Structures are given as structure tokens and as C-alpha cells.
Amino acid sequence: MKVLVIGSGGREHALAWRLRQSPSVKEVYATPGNPGIAQVAHCDSTRDYVQFAQRLGVDLTVVGPEAPLVAGVVDQFRALGMPIVGPTAANAALEGSKVHSKRFMHRIGVPTARFETATTPAEARTALLAFRYPVVLKTDGLAAGKGVVIAQNPAEAEEAIQQLPCPLVIEEFLSGEEVSFIVLCDGKKALALEPSQDHKRIFDNDQGPNTGGMGAYSDSLILTPEQRGHILETIINPVVSATHFTGFLYAGLMMTPEGPSVLEFNVRMGDPETQPLMMRLRSDWGETLLAAATGALPDTLEWDPNPATCIVLAAEAYPNTPKTGQVIEGLDTPGDAVVFHAGTKAVDGKIVTSGGRVLGVTAKGATLRESIDKAYRAVANIRFEGMQYRKDIGQKGLKRYNT
Ligand code: AMP
Ligand code: GLY
């Protein structure tokens, strides 16, 4: 079959790369794609997704990022009977509006931090009186992972109120380990992918501002079978039943002493979580996604038991306005890793930086430690001016699982 991938980041490169290797997939197309995706798919910059898919006669479309989902691309495809993997615009509001998402969780009894909502700065100041510090402030709409502030004291909370557009969610701070729990849904049931863990802060030891994600690893040891069952039962299945959810549902969880609690829902795969996940997946991805789009999800997926790790190489100044246009060197010597492209562009036969997160260097190993070491060895071959990356991706996993 012919499959179209919508998007242009590292997640979409990993999706297209895995699809390219699926026995059921003959051609992969991507819009807009990037120079890395162009190695495994035919790229085109059109934004008229329906017309592009029709012209190519694609059998299946998969949507990477949230923006087209929130804008209703799945509804458009469905109206024309074209198979697509993703949620309707109504269900994409689980990610598109934090106020909606928190109220929905509260209504159906999904565990999440205690919260208040505020439509004006004055309301936010009043709401804050009901919380201890640290407290978490979140802007309602899409913010590419940058709409959340953890305020340690009233002065920081005031600064956040002035900086974040209203409406706001103000919520209790939770502590514990964060886990990305992603499931694929067909409207009736959910099939869990392997667990993964992101690294949201820009600097080592979880310091500095939040980013879209600076690295991720996937290791089956992150969650026991009992924990997975509990998450499916108390969080995922109630959401799928209440919404007839289709596509990827990503629960950003805090594993608190009282049990897993939802920090956020995303309605797509994670970036960079997708990169290690695609490296570990063994099932035919094209066949699995088509099954999801046609309401016939299988009961299991086959995974490589070996862990995988992705290190994000970011541009200077990210997560603020990144410096772009720097020539990237060393891309042709990835060693044992796969270098997924995110913010890259081809200019005069060279690959240059064009966004905040530039590359995702991803490797698999017999142990988590081996996957981390292989990924960092490959990173050492790559250079561009101002390149920054975290040196501690996966370290918490190593400490916890002792592998
Ligand atoms: P979100 O976009 O809601 O996932 O928030 C981004 C990041 O902020 C999360 O990955 C957490 O690291 C942190 N965060 C969000 N909500 C909370 C909370 N209630 N308690 C502690 N940390 C949080
Ligand atoms: N890695 C976090 C996200 O995709 O939202």
C-alpha cells in the first residue's frame, strides 16, 4: 500500500523510516517532510492534505503533529471515506485545550492533579490562594511544550500570570517519575505501545525551562505488567469508552506514591518518544496503522526487548528563538545509530539547521546503558555551531533499573 505521513519533525522521520521497512508498504509519501524524511519517502510541501492524498491514491494517512488534528484533518478525510490515523477535532481538544482536558478527566474520574481554572489574571491570583508552592500554571491552548510554568513562590507565580496567555489552569504540583504511556486506538479499544520517558527540561539534571523534549528512551522495565494493566483500566479505557477515541492517545503520567496521575493528554505520538519506539517495534507498522484506521486493531504488537535511546541535538538559544542556518557536519557517519532529522533544511547541497530541535540520534542496545553509549558515540561525530544537548539522557533509568 501507499502511506502518507503528515509532518516534518523527528517523530515523522521515525514513522516514515519504520513504514519504509514494513512489508505491507510499497511507497511512503510525506508532507512537508524534511531532508531526512526524503531519504525514505517522497516529500512534497503541499498543505492541501486531502487533495495530495487523493492525487497520489494513498491507502492510508498518518498524522504526526497536533496542529492539523486540532484543525480537523481527520474529519475531512473521514467525510470522504479516506482511511487516516488520528482523532477527530472534537477529541483532539483533549490536547488542544487544557481547561477542557482537565474538566473532562475530573468528570469521568481519571486521576489528575487538583486544579482551578482562570479566565483573567485577577481570577488566577484568587485561584492561587488555594494552593501551596510549588504550584503549576498552564496556558489553555497549544504551546509546543512551553506553556507550563512551575512557580516556586508567589513572585514566580505572578511572573507566570503575566507571561502566559489566559485562560489558565492552576494545579497542584505532583512529584514522582514521569512516564509517557502511548496507546493506539481504533474507536473501540486501545493497544499500548511500550513505555518511554522524555526529558523535558533544556539542561542536565532537569534544570532550566521546559522544551518540546531533549531526549527519550524506551525500556520495557519502565513499567511492570501490573502497572500497565492498572493504567489501562483507570486511565486509558475510560477515556476511549467516553470518546470513541481513534489514533494515538498519549498519557503524560506522573507515577506518584498514590498511583499514576495524568499530567496531560496528547492526541498524537510523542516527539522524541517516537524515535526509540520505532526503533524497537517489530510488527508491520503499515498493517497495524491500517487496522487502527479501519476499526480492526490487533490485540498485541511485537517489540524488540532491547531498549533504545534518542539524544536530541538542539540549536543555540533553544528553547528561545533558535539560531538557524548552521551547516551540519558528520551526518554520514552515524555508526550504530540512526540520525532522525527534525529542524533541518537542504541548502546548496548542504544540510543546515532550520529549527530548535535539529536531530534525534537514536540507538538500540542489549541494555539501556549500551543503547545510551551507542547513541552518545554517534553524537560525537556530529557538529554544528552552537549545538547543545543533554549529557544525562537515560541516567535516571540506569539508576532505577540498574541495567
Ligand atoms: P504538560 O505540558 O502538562 O505535560 O507539562 C509539561 C511538563 O511540566 C510535564 O512534563 C512535567 O514535567 C511538568 N508538570 C506539568 N504538570 C505538573 C504537575 N502537576 N506537577 C509537577 N510537574 C508538572
Ligand atoms: N515529548 C513530549 C511531547 O511530544 O509532547
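Note that ligands are numbered from 1 as they come in the structure, with each ligand's atoms numbered from 1 the same way. The chain is numbered in sequence order, starting from 1. Side chains included, hydrogens not; waters and symmetry mates left out as well; all remaining heavy atoms used. What you see is a predicted model; the values in this text were computed from it and never measured.
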Quiz item: Charged N to carboxylate O under 4.0 angstrom, Lys200 versus Glu264?
Solution: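 Salt bridge flag = yes for Glu264 with Lys200.
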Proximity of [X] to ligand 1 by residue part, where a heavy atom lies under 4.0 Å:
X	result
Asp198	neither
Glu178	side chain
Val148	side chain

Quiz item: Are Trp17 and Arg20 close enough that some pair of their side-chain heavy atoms sits under 4.5 Å apart?
Solution: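 In short, these two side chains do not touch, never coming nearer than 4.5 Å.
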Suppose I only count heavy atoms of [X] and a 4.0 Å limit; which atoms of ligand 1 are within that range?
X	value
Lys200	10 (O)
Lys138	3 (O), 15 (C), 16 (N)
Glu171	16 (N), 17 (C), 18 (C), 19 (N)

Exercise. Measure up the Tyr29 and His42 rings against each other and bin them: parallel (under 30°), tilted (30 to 60°), perpendicular (over 60°).
Key: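 It falls in the tilted class, 30° to 60°.
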Quiz item: Do the ring planes of Phe115 and His106 sit parallel (below 30°), tilted (30 to 60°) or perpendicular (above 60°)?
Solution: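 The rings of Phe115 and His106 stand perpendicular, inter-plane angle above 60°.
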Quiz prompt | Nitrogen or oxygen atoms of Leu174 and ligand 1 under 3.5 Å apart | solution =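 Leu174 vs ligand 1: N/O contact under 3.5 Å present.
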Exercise. Might you work through the salt bridge (charged side-chain N to carboxylate O under 4.0 Å, His left out) test for Arg18 and Asp284, ending with a clear yes or no?
Key: CA-CA 9 Å; Arg18 179 44 80 213; Asp284 184 317; over 6 Å; no
Exercise. Using a strict cut-off of under 4.0 Å between a residue heavy atom and any atom of ligand 2, list the qualifying protein residues by chain and number.
Key: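 Answer by chain and number: Asp198, Lys200, Gly212, Tyr250, Asn266, Arg268, Gly270, Asp271, Pro272, Glu273.
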Self-check item: side chain to side chain contact (heavy atoms under 4.5 Å, CB included), paired with Tyr217, selected from Ile222, Ile372, Thr362
Solution: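 Exactly one candidate clears the test, Ile222.
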Quiz item: Does the side chain of Glu302 come under 3.5 Å of the side chain of Ser283 through a donor N or O and an acceptor N or O?
Solution: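 On atom types as modelled, these side chains do not qualify, holding no pair under 3.5 Å.
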Practice problem: Report the residues that fulfil salt bridge (charged side-chain N to carboxylate O under 4.0 Å, His left out) with Glu171, sequence neighbours left out, ordered by chain and then residue number. | Solution: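 With neighbours one apart ignored, the set is Lys102, Lys138.
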Exercise. Scan for side-chain hydrogen bond (donor to acceptor under 3.5 Å, both in side chains) pairs involving residues 350-359, sequence neighbours excluded, and state none if there are none.
Key: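 Listed by first then second residue: nothing to list.
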Exercise. With sequence neighbours left out, write down each residue that passes side-chain hydrogen bond (donor to acceptor under 3.5 Å, both in side chains) with Lys189, or none if nothing qualifies.
Key: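 Only Asp299 meet the side-chain hydrogen bond (donor to acceptor under 3.5 Å, both in side chains) criterion with Lys189.
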Quiz item: Has Lys98 got any heavy atom lying under 4.0 angstrom from an atom of ligand 1?
Solution: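 Contact check Lys98 vs ligand 1: positive.
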